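Worksheet: one structure, shown below.
Protein chains get the first letters and strands the later ones, always in sequence-line order, with residue 1 at the start of each. Since this is a predicted model, take the numbers as computed values, not measurements. Atoms considered below: every heavy atom in the structure, side chains included; atoms not considered: hydrogens, waters and symmetry mates.
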Protein chains: 2
Amino acid sequence: MSIQRRRERERAEREKLIVTAARELAEAEGWDAVTTRRLAAEIEYSQPVLYSHFKGKDAIMAAVAVEGFAELAVELRAARAAAEGAREALAAVGEAYTDFARRRPALYDAMFTHTVDLPFATPQAPAALHEAFGELLRAVEPIVTEGDDPGLLTETYWAGLHGLITLMRSGRLPKEAHAARLSLLTAHFTACAT
Amino acid sequence: MSIQRRRERERAEREKLIVTAARELAEAEGWDAVTTRRLAAEIEYSQPVLYSHFKGKDAIMAAVAVEGFAELAVELRAARAAAEGAREALAAVGEAYTDFARRRPALYDAMFTHTVDLPFATPQAPAALHEAFGELLRAVEPIVTEGDDPGLLTETYWAGLHGLITLMRSGRLPKEAHAARLSLLTAHFTACAT
DNA sequence: TCCCGATTCTAGCACCGCTAGCAATCCTGC
DNA sequence: GCAGGATTGCTAGCGGTGCTAGAATCGGGA
């Protein structure tokens, strides 16, 4: 009876331990440093236990990514709540988004860059993912002009943010002008509105 | 004398062979299939010859990427030349860009996604890279409103295109609405201009 | 106390990028 | 024509990867 419960609890704890260790290792040294051997050593278990919890390394990254979506949603919401007008809110959310990516590059990679076996653009996607996208949506909605689809506009704005981040992070865009590019992007999405 | 020449020529031919084989293999089966062993087998030489031409696998990818930049520049120029007005030209270039990425995903990855040891945002960058960016710039320039920097605006528009492509390719954005998102992006960059 | 089942580990597979050191080849000078 | 020497390309191997089969160990129930 209770023994079963205890085992399930311990198992859940160990799963959490794996995800946390993977995330910390990735944030400290990048995902390349997160090998199954290294991760196993970190949690002080042998390699195969990882596979009794997750299908493979990708699934572990996916679990880390889901954590990230929840945190991103919180940060975006805070940024939007702190801003005054609609334009300011969008700018604040854009800055919060790129700031999240800058502060947590490994987490961002798991969420948006790495190939990871998560359902994305479907209702089956994790709730945290929908929440994060919803925060973006709520920031974009007020500046939608008639005739435009809010969802599509949000996706497009999101793509702009994501493009800025990835191109900058890979050295393809100079870091210095990031703020200028970001405000250009936001300005062009809010222009002609209101 | 001439013997030296012949050797240099043969060496250059083999180098070209490596790059071509890498590109074809990548386009046919993706970059994961391009292992040094596989590539060596493809060119019918042993593995270490690759390292007498290139510092490593990344350098081979970089060489493939440079080929891609040249081709992209050509396609963007053609699209711009075929269009009538400034807005139509930008839309055409945007479509040509995303179409290039759709038709040549592996090439696009080498150019814009993969970490590759190429100088990018500096004058030392390959000429083909500057040409490709120049084509984008020439499409954006006519729609720049006063006060905005054309270079920065081009970078921002480029980031939008790149974000749309990568998020769509990784399944994070549904493929169906791509055309709608692309025209939204272009519209928001041309709005309030002229 | 003993046994059985679940759990965890050891050992190993096939692959990766990359390199040291040897063998064969080809050009040069006698 | 032929030996000597540099160059070239090969074989073999290193340390690493993700992942897994099967042995061993541990815990709970009879």
Near-ring test Tyr108(A)/His162(A), centroid separation under 6.0 angstrom
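Between His162(A) and Tyr108(A), the centre distance is under 6.0 Å.
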Would you say the rings of Tyr97(B) and Tyr157(B) are close, in the sense that their centroids are separated by under 6.0 Å?
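Ring centroids of Tyr157(B) and Tyr97(B) are no less than 6.0 Å from each other.
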Nucleotide nearest [X] (side chain, heavy atoms from C-beta), chosen from [options]:
X: Gln47(A); options: dT11(D), dT17(D), dA11(C); result: dA11(C)
X: Val49(A); options: dT8(C), dC18(C), dC10(D); result: dT8(C)
X: Tyr45(B); options: dG17(C), dC9(C), dC10(D); result: dC10(D)
X: Lys57(B); options: dG18(D), dG17(C), dC26(C); result: dG17(C)

Distance, rounded to the nearest Å, where [X] contributes [atom1] and [N] contributes [atom2]:
X: Asp58(B); N: dC18(C); atom1: CG; atom2: C1'; answer: 12 Å
X: Leu50(A); N: dT7(C); atom1: CG; atom2: C1'; answer: 15 Å
X: Leu17(A); N: dT8(C); atom1: CG; atom2: P; answer: 13 Å
X: Ile43(A); N: dT7(C); atom1: CD1; atom2: C1'; answer: 14 Å
X: His53(A); N: dC19(D); atom1: NE2; atom2: C1'; answer: 16 Å
X: Phe54(B); N: dT19(C); atom1: CZ; atom2: P; answer: 15 Å
X: Asp32(A); N: dT17(D); atom1: CG; atom2: P; answer: 10 Å
X: Glu15(B); N: dT8(D); atom1: CD; atom2: P; answer: 14 Å

Looking at [X], I'd like to know whether one of its side-chain N or O atoms comes within less than 4.0 Å of OP1 or OP2 on [N].
X: Arg38(A); N: dT17(D); value: no
X: Ser46(A); N: dT8(C); value: no
X: Tyr51(B); N: dT19(C); value: no

Does Arg23(A) come within less than 4.0 Å of Glu71(A), counting only side-chain N to carboxylate O?
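Salt bridge flag = yes for Glu71(A) with Arg23(A).
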So, are Glu75(A) and Arg103(A) salt-bridged, with charged N and O less than 4.0 Å apart?
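So Glu75(A) pairs with Arg103(A) through a salt bridge.
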5' priority, DNA chain D, between Lys55(A) and Ala33(A) [closest heavy atom]
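It is Ala33(A), whose closest nucleotide lies nearer the 5' terminus.
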Contact nearer the 5' end of DNA chain D, comparing Pro48(A) with Thr35(A):
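Result of the comparison: Thr35(A).
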Over 12 non-hydrogen atoms of neighbours within 6.0 angstrom of NE2 in His53(A):
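Counting neighbours around NE2 of His53(A), more than 12 heavy atoms of other residues, nucleotides or ligands fall under 6.0 Å, so yes.
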Pair of N/O donor and acceptor under 3.5 Å linking dG16(D) base with Arg37(A) side chain:
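Not at all, since no donor on one side and acceptor on the other fall under 3.5 Å apart.
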